[in-house]
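Chain A is the first sequence line, chain B the second, and so forth, proteins listed ahead of strands; every chain is numbered from 1. FYI, side chains are in, hydrogens and waters are out, and symmetry mates aren't considered; it's all heavy atoms of this structure.
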There are 2 protein chains.
Amino acid sequence: MDDAVDTMLGQWACTRPDVDVSPLGVIGRVSRASRLLERGVKEFLGEHGLEAWEFDMLTTLLRSGDDATMCMKDLSAAAMISPGALTNRMDRLVERGLVDRRPAPGNRRMTLVTLTDEGRRLANDLLERHTAHEDRLLSGLSATDRDALAGLLRKLLLSMGDTAPL
Amino acid sequence: MDDAVDTMLGQWACTRPDVDVSPLGVIGRVSRASRLLERGVKEFLGEHGLEAWEFDMLTTLLRSGDDATMCMKDLSAAAMISPGALTNRMDRLVERGLVDRRPAPGNRRMTLVTLTDEGRRLANDLLERHTAHEDRLLSGLSATDRDALAGLLRKLLLSMGDTAPL
DNA sequence: ATGGAAATGTTCAATGTCAAAATTTTTGAG
DNA sequence: CTCAAAAATTTTGACATTGAACATTTCCAT
């Protein structure tokens, strides 16, 4: 059985048999898998009244430590978005009452963001159901497959310098 | 050596040791790899005066067959974007002289899009250098690794129903 | 035949993103 | 001490995307 990328590679083999398009077999699939998985996650969270980026911000804060506090710079790096986009997101999370924003004591350049009680409860409540749903999204792969896939992707990510920003 | 996702999983192990977050080891890495690869592709194409979406449209048409022609619906499906966004993109590509747009003979609902000579030349010229650059992006993986990675992702994609739209 | 449903594109309003400029605060060299 | 450079965030402006509403054309069961 061919997936969408196999079809694409077959088209290239007809159109430009002189070019080695094999890297597309990896990069095209990473890209498509990412978009399809993202769609699945979005669908699940939407049923619970959250945008994917909202859950992402909440869980990033939740797992950051007991005080669930980070500065804007670290948050924008963790979410891989621009500083301007992060300001926009935090404005809306503050408005929804899910996070608090306050100046950092001792360094007035920085702004600290913390989960409110409600934000923390929401993130904690949803976390387990969220991962259970992700597990279903991966149901086409055995445990062995998942380990192998994660290992190969780790190798690729490390070669591109994707170490933790912390 | 830990990548960014290992760090994330370690944080969850501290914060919520009761939850099985292992699916994140796969989904998180697919997502991060996709964004990093996309960034690398964007950088390369930018050096040649093209946006990533422009190259994507051009090559989609190029590999579609000898006449390099598709209807709007198929193009929007291939690019995974909304019909409205595609109209916008084609407006700009027509303006740049890279594609032609004309009503389909025999079915006046449809609009056909074709590469111009200039668009075809640009896509053909850039294709080889583009795939060579993608090859460099994957240089952290051996040929065996790449095959294994592509195979696992195909399995995942097929389980999510990602067969070719044609 | 024919009238309603489906298919195909385009337009439009709302929203989100990014890049760059502006603002505020800190740091450090002289 | 002081002023210039650096750091962290916010503001601003341009632009792309989505989803919904709309217009046109085709299909099909009556």
Which of these nucleotides, D/dT26, C/dT26, D/dA16, is closest to any side-chain atom of B/Arg92?
-> D/dA16

Is any side-chain N of the basic residue among B/Asp6 and B/Arg29 closer than 4.0 Å to the acidic one's carboxylate O?
-> yes

Could I get a table of every N or O pair under 3.5 Å where one atom is in the protein and the other is in nucleotides 19-21 of chain C?
none

Under the ring pair (Phe, Tyr, Trp, His ring centres under 6.0 Å) rule, collect the residues that match up with A/Phe55, sequence neighbours excluded.
-> A/His130

Given atom NZ of B/Lys42 and atom P of D/dA16, what is their separation to the nearest angstrom?
-> 11 Å

Give the rounded distance in Å between these two atoms: CE of A/Met90 and C1' of D/dA8.
-> 15 Å

Length of the CG-P vector between A/Leu86 and D/dA8, whole Å | 14 Å

Ion pair check, B/Asp135 and B/Arg146, cut-off under 4.0 Å = yes

Evaluate whether atom CG of B/Asp18 has more than 12 neighbouring non-hydrogen atoms of other residues, nucleotides or ligands under 6.0 angstrom away.
-> yes

Within this structure, what is the CH2-to-P distance between B/Trp53 and D/dT17, rounded to whole angstrom?
-> 8 Å

Could you check how far CZ of A/Arg89 sits from C1' of D/dT9, rounded to whole Å?
-> 16 Å

Whichever of A/Arg108 and A/Met80 has the more 5' nearest nucleotide on DNA chain C, that residue is A/Met80

Heavy atoms under 4.0 Å, any strand shown: does B/Ile81 hit a base, just sugar-phosphate, or nothing?
-> sugar-phosphate

Let me know the distance between NZ of B/Lys73 and P of D/dT25, rounded to the nearest Å.
-> 19 Å

Would you call B/Thr163 and A/Met1 a side-chain contact if the rule is heavy atoms closer than 4.5 Å?
-> yes

May I have the distance from B/Met70 (atom CE) to C/dT8 (atom C1'), rounded to whole angstrom?
-> 15 Å

Looking at A/Arg109, does any N or O in its side chain come under 4.0 Å of the phosphate oxygens OP1/OP2 on D/dT10?
-> no

Looking only at D/dT9, C/dT8, C/dG16, the nucleotide nearest the B/Met110 side chain is C/dT8

Using a cut-off of strictly less than 4.0 Å, decide whether B/Arg101 has a side-chain nitrogen or oxygen near OP1 or OP2 of C/dG9.
-> no

Where the side chain of B/Pro83 is defined as all heavy atoms beyond and including C-beta, which of D/dT17, D/dT10, C/dT10 is the nearest nucleotide?
-> C/dT10

A/Asp91 atom CG is separated from C/dT17 atom P, nearest whole Å, by 12 Å

Does A/Arg39 reach the side chain of B/Met160, with side-chain heavy atoms less than 4.5 Å apart?
-> no

Over 12 foreign heavy atoms within 6.0 Å of CG, A/Asp66 | no

